[in-house]
Protein chains: 4
Amino acid sequence: MAAPAAAPNPSPANDKRERILDAAVQVFAQRGFFQARVSDIAREAGVADGTIYLYFKNKDDLLISLFEDRMEGIIARFRLELDRLSGPAERLHRFIVMHLDLVEHQPQLAEVLTVELRQSSKFMREYRAPKFAEYLGILVDILESGRVAGVFRPDIEPRILCRVIFGALDEVSLVWSSARREKYAPAEAAREIWNLCARGLLTEAPPPASRRPRRRRETPPTDP
Amino acid sequence: MAAPAAAPNPSPANDKRERILDAAVQVFAQRGFFQARVSDIAREAGVADGTIYLYFKNKDDLLISLFEDRMEGIIARFRLELDRLSGPAERLHRFIVMHLDLVEHQPQLAEVLTVELRQSSKFMREYRAPKFAEYLGILVDILESGRVAGVFRPDIEPRILCRVIFGALDEVSLVWSSARREKYAPAEAAREIWNLCARGLLTEAPPPASRRPRRRRETPPTDP
Amino acid sequence: MAAPAAAPNPSPANDKRERILDAAVQVFAQRGFFQARVSDIAREAGVADGTIYLYFKNKDDLLISLFEDRMEGIIARFRLELDRLSGPAERLHRFIVMHLDLVEHQPQLAEVLTVELRQSSKFMREYRAPKFAEYLGILVDILESGRVAGVFRPDIEPRILCRVIFGALDEVSLVWSSARREKYAPAEAAREIWNLCARGLLTEAPPPASRRPRRRRETPPTDP
Amino acid sequence: MAAPAAAPNPSPANDKRERILDAAVQVFAQRGFFQARVSDIAREAGVADGTIYLYFKNKDDLLISLFEDRMEGIIARFRLELDRLSGPAERLHRFIVMHLDLVEHQPQLAEVLTVELRQSSKFMREYRAPKFAEYLGILVDILESGRVAGVFRPDIEPRILCRVIFGALDEVSLVWSSARREKYAPAEAAREIWNLCARGLLTEAPPPASRRPRRRRETPPTDP
DNA sequence: CATGAATGAGCATTCATTCAT
DNA sequence: CATGAATGAATGCTCATTCAT
């Protein structure tokens with residue numbers, strides 16, 4: 001969607017654009033945006049340095065495009081999956097699990113999308129990362145609908161809470177990525193975060209033993 | 001010439017070192033680590049470029065020293081304050097409030113300590129940030145002691161949960177900083193995070209109306 | 001398909017070559033040789049970048065070809081016109097007027113032919129610009145024939161003087177072009193140069209009244 | 001006068017600035033502005049590449065500074081010399097001789113001041129070359145004062161004529177420089193230009209014998 | 001201890017030219 | 001003949017770091 005500097009059209013060309021984006025994910029994840037050389041990305045992509053500038057205006061634009069492009073796919077996948085669930089609690093649980101799944105299976109992409117974007121936010125304060133907003137929007141919608149439906153506490157503030165949950169997910173992801181998988185499995189983290197959310201958000205909070213069954217039906221199991 | 005009472009070691013040298021660190025906080029916060037020029041910091045500190053290298057090995061070392069130095073003070077303050085509280089819940093609440101207080105009143109320092117450190121983590125993968133570990137350690141201790149004391153759920157994993165909570169605090173701080181205070185007040189965020197923790201962590205969760213007074217005593221008020 | 005009457009050789013190929021040369025005049029005049037991009041010329045000509053290399057060896061060759069090509073036409077026109085005049089003085093006057101006429105009516109071409117050629121002379125020291133020599137040759141011939149005929153002073157040095165006059169014309173043209181016509185009209189400049197050639201500057205060399213009529217007949221009027 | 005990027009002060013520093021300017025004259029004259037590499041100039045000056053940027057904002061600024069700086073000295077020398085002469089004719093003659101003297105003894109400087117400046121004028125159309133205007137101003141003043149004094153024809157237009165004479169000098173200089181002294185001596189060219197100015201070309205304007213002595217006194221000898 | 005002029009390695013970006021289609 | 005995507009050599013400029021003063 002975002003128009004590149006002077007984007008060639010044919011499908012083999014798009015293939016090249018794709019290869020550059022993939023290479024950028026690898027290189028940005030490994031070296032960080034500022035320490036990554038454009039020529040590193042070119043080599044990784046198997047193209048000449050100059051070719052990158054046929055598809056992206058400059059190094060910044062490459063990062064932004066990468067972000068927009070990859071987020072688009074992720075958002076679509078998330079939406080597809082979440083739309084199959086009805087209860088806000090299930091959907092929140094699913095969101096948490098999917099986010100950490102992504103981190104587990106595409107750690108480099110995850111790293112770039114969170115850490116690197118944040119780091120470059122310094123020099124692109126104006127770049128509002130619309131796709132990131134959209135991603136958070138999914139979370140906001142879940143929280144808001146849950147609040148309205150009476151499943152979540154009425155006093156929650158979705159705009160803030162979405163950041164709280166995202167921050168938790170992001171930090172946990174970062175540690176897992178950079179600790180190189182030593183400390184815990186993403187599934188553990190997912191359980192921990194979900195538990196925090198579940199027992200903190202639900203209106204039916206004080207489930208007397210008798211009421212537990214009902215909550216069980218409404219909230220996904222803690223250990224999936 | 002006479003040393004001011006408040007400054008324990010105001011020798012010219014330490015004074016200069018301190019000025020450089022202060023300047024570094026400003027400049028790193030404003031431009032980001034990679035975009036900050038050493039000469040910017042020198043100018044801000046009112047010293048010559050070369051002087052910085054009398055106190056710090058290089059630009060990286062300056063960031064690390066800054067981190068260690070400032071974290072030390074923060075940790076000390078946190079410990080002092082937290083030691084006056086006994087209940088794990090109160091202490092956790094206090095931790096959340098203090099963290100966001102710091103962000104509110106020293107936003108530039110907060111930004112450097114979290115965002116910038118993470119961004120430079122790329123090129124200092126080996127730097128384990130001992131002071132950051134110590135900071136998290138405070139949180140871990142609170143969680144662990146609460147778990148042991150039966151105040152927090154027995155199935156929590158403090159090593160993970162401390163990250164969850166820190167991530168939530170950090171993200172909320174970042175948004176507040178970069179949104180330039182537009183969206184919400186740190187106090188709101190503190191309440192949101194605390195509520196999430198409180199109703200999700202406490203074993204005494206289902207307080208029947210009759211038991212509420214007891215919880216009130218045990219958990220700090222949601223709206224301070 | 002049917003060749004227009006006016007164009008002697010409007011085969012598609014020549015047409016394209018011509019369009020490229022025209023485009024080059026525009027672009028070189030506007031941006032200068034070194035700052036002009038080959039792709040700019042291609043766009044202006046409405047051809048692909050690579051097409052230019054079917055007609056010209058490289059960018060340098062394009063400039064040289066442009067020069068040779070356009071000078072050829074100019075020289076032919078000058079010769080045609082000058083051959084109709086007999087007196088060296090009239091012919092010199094006509095040369096001056098025609099040169100400045102060219103500048104006035106084809107300013108971009110004039111700029112490229114003089115300024116840009118000179119600027120690129122740095123990297124083509126070997127290129128002797130035969131057509132330019134031919135152009136100057138016209139002037140030399142006028143001067144020499146005038147000297148031999150006794151119309152011009154016997155002590156003039158045509159090889160040098162032709163440069164003097166050309167330099168005067170060229171500078172005056174440059175100013176007129178780059179000042180964007182603000183300062184004076186080419187006709188004024190023509191008069192000034194011609195007067196200098198005809199009479200010099202000094203007042204104290206007044207031709208006796210009696211001889212004036214003869215000079216008047218021999219020299220074209222100062223104000224044409 | 002023109003403030004450089006961040007000019008160091010002490011005399012040894014100015015020495016370096018001077019060496020860079022000298023080197024720039026050599027390199028610009030030899031390769032032309034666009035083809036000259038900043039690193040060439042640095043090597044020629046015996047400094048590091050970066051040092052140039054301590055004294056000049058960028059490559060353009062180096063050329064402009066060079067121009068302003070060298071022209072200043074030249075203008076001062078010209079003024080000093082010309083102030084010792086009273087008659088406008090003598091002064092004009094002297095100007096011509098001095099200009100070509102400069103070309104003869106500092107050919108590289110002359111080349112840069114005329115050819116290279118013109119060539120870069122493309123990308124600094126806004127740079128009005130104040131020192132060049134000042135230089136021309138000397139010529140304008142000579143012409144104007146001569147006109148007012150009745151020594152020069154009353155119908156001359158000094159603003160145009162100064163360009164005519166400068167153009168003649170410049171072209172003649174260029175040829176002499178690039179022909180590498182083969183064709184003629186600057187003194188010859190000076191004589192030719194001066195004769196043109198003094199007497200024009202036409203033989204039929206013979207000053208009566210009686211008036212010659214007065215002219216002889218007023219105008220410098222044709223053959224010095 | 002302090003200085004800040006000098007250094008030079010490092011890198012993003014441009015653009016003339018090529019060649020597969 | 002024509003195209004224009006791809007190439008990659010070339011270079012201006014920056015800035016962390018040093019060291020003579």
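To find a chain, count down the sequence lines: A is the first, B the second, and so on, and within it residues start at 1.
In this structure, B/K16 does not reach the E/dC1 phosphate: none of its side-chain N or O atoms is under 4.0 Å from OP1 or OP2. For E/dA2, the OP1/OP2 oxygens have a side-chain nitrogen or oxygen of B/Y55 closer than 4.0 Å.
For the atom pair CG of A/L63 and CZ of A/F34, the computed distance is 9.0 Å after rounding to the nearest 0.5 Å. Here OG1 of C/T51 is found 14.5 Å from CZ of C/R17. Values are rounded to the nearest 0.5 Å. In this structure, the separation between CD1 on B/I52 and NZ on B/K57 is 15.5 Å, given to the nearest 0.5 Å. Note that CD of B/Q108 and CG of B/L113 are 11.5 Å apart. Values are rounded to the nearest 0.5 Å.
Atom pair B/R17:CZ and E/dA2:P shows a separation of 13 Å (rounding to whole Å applied). One atom, CZ of B/R43, and another, P of E/dA2, lie 20 Å apart when rounded to the nearest Å. For the pair C/I20 CD1 and F/dC1 C1', the computed distance is 12 Å after rounding to whole Å. Regarding C/F56, its CZ atom lies at a distance of 13 Å from the P atom of F/dC1, rounded to whole Å.
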Practice task
Summarise how protein sits on nucleotides 13-19 of chain F as a single string, 5' to 3': B when a protein heavy atom is under 4.0 Å from the base, S for sugar-phosphate-only contact, - for no contact.
Solution key: BBSSBB-

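Looking at every heavy atom in both residues, D/F28 comes nearest to D/K59 through CE2-CE, 4.4 Å.
Comparing A/V47 and C/G46, the nucleotide of DNA chain F nearest to each residue sits closer to the 5' end for C/G46.
Looking at B/I64 and B/F56, their side chains never come closer than 4.5 Å, going by heavy atoms from C-beta outward.
Residues satisfying the side chain to side chain contact (heavy atoms under 4.5 Å, CB included) test with A/R43, not counting sequence neighbours, are A/D40.
Taking a pair as Watson-Crick or G-U wobble with both distances under 3.5 Å, the runs of three or more consecutive pairs in DNA chain E are E:2-21 with F:2-21.
A salt bridge links C/R70 with C/E18: at least one charged nitrogen is closer than 4.0 Å to a carboxylate oxygen.
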